[in-house]
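Okay, structure first, notes after.
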Amino acid sequence: MSSLVIDLVLCGVAYVVLIYFVATLTKAKINKNRRNNDDDGDGGVEDFTPPKIDLPPGIVWPSEDKDKTKKPVVF
């Protein structure tokens, strides 16, 4: 056989062995993470309050509109 064919066969075998080891090692890590599913992985303190955005004068968010007693304008 040619040395090129032998090199290609050996590279193919090494590739298959490496993929096998990578697949088995990552599968063990994935299964370990599935057992403990109470952590979302972000870390830190959860803060669900929306940010306070400084709007120009006269512009308000609809949820902060305090004058809801206005009557609709009829034309």
Side-chain angles (χ1 to χ4, degrees):
M1 280 210 242
S2 170
S3 64
L4 177 64
V5 174
I6 294 172
D7 286 342
L8 289 175
V9 169
L10 289 176
C11 286
V13 170
Y15 178 76
V16 169
V17 169
L18 285 174
I19 294 299
Y20 172 75
F21 282 126
V22 168
T24 55
L25 291 175
T26 57
K27 186 172 80 169
K29 191 173 185 177
I30 290 171
N31 288 339
K32 185 179 83 172
N33 287 342
R34 283 189 188 161
R35 284 184 230 136
N36 187 8
N37 204 12
D38 60 347
D39 186 20
D40 60 357
D42 288 342
V45 179
E46 294 181 9
D47 185 16
F48 294 115
T49 58
K52 186 68 176 168
I53 299 175
D54 188 23
L55 296 174
I59 307 294
V60 295
W61 292 104
S63 61
E64 295 177 357
D65 192 14
K66 293 176 179 46
D67 192 15
K68 294 185 180 182
T69 59
K70 285 185 177 178
K71 295 186 179 182
V73 178
V74 179
F75 293 99

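- Every residue two or more places apart in sequence or in another chain that forms a side-chain contact (heavy atoms from CB on, under 4.5 Å) with Ser2 is listed here: Leu4, Val5.
- Follow the hydrophobic side-chain contacts under 4.5 Å out from Tyr15 and you never reach Leu18; the two are in separate clusters.
- If you chain together hydrophobic residues whose side chains sit under 4.5 Å apart, Val16 and Ile19 never meet in one group.
- Atoms CZ and OG1, from Phe21 and Thr26 in turn, are 13.0 Å apart once rounded to the nearest 0.5 Å.
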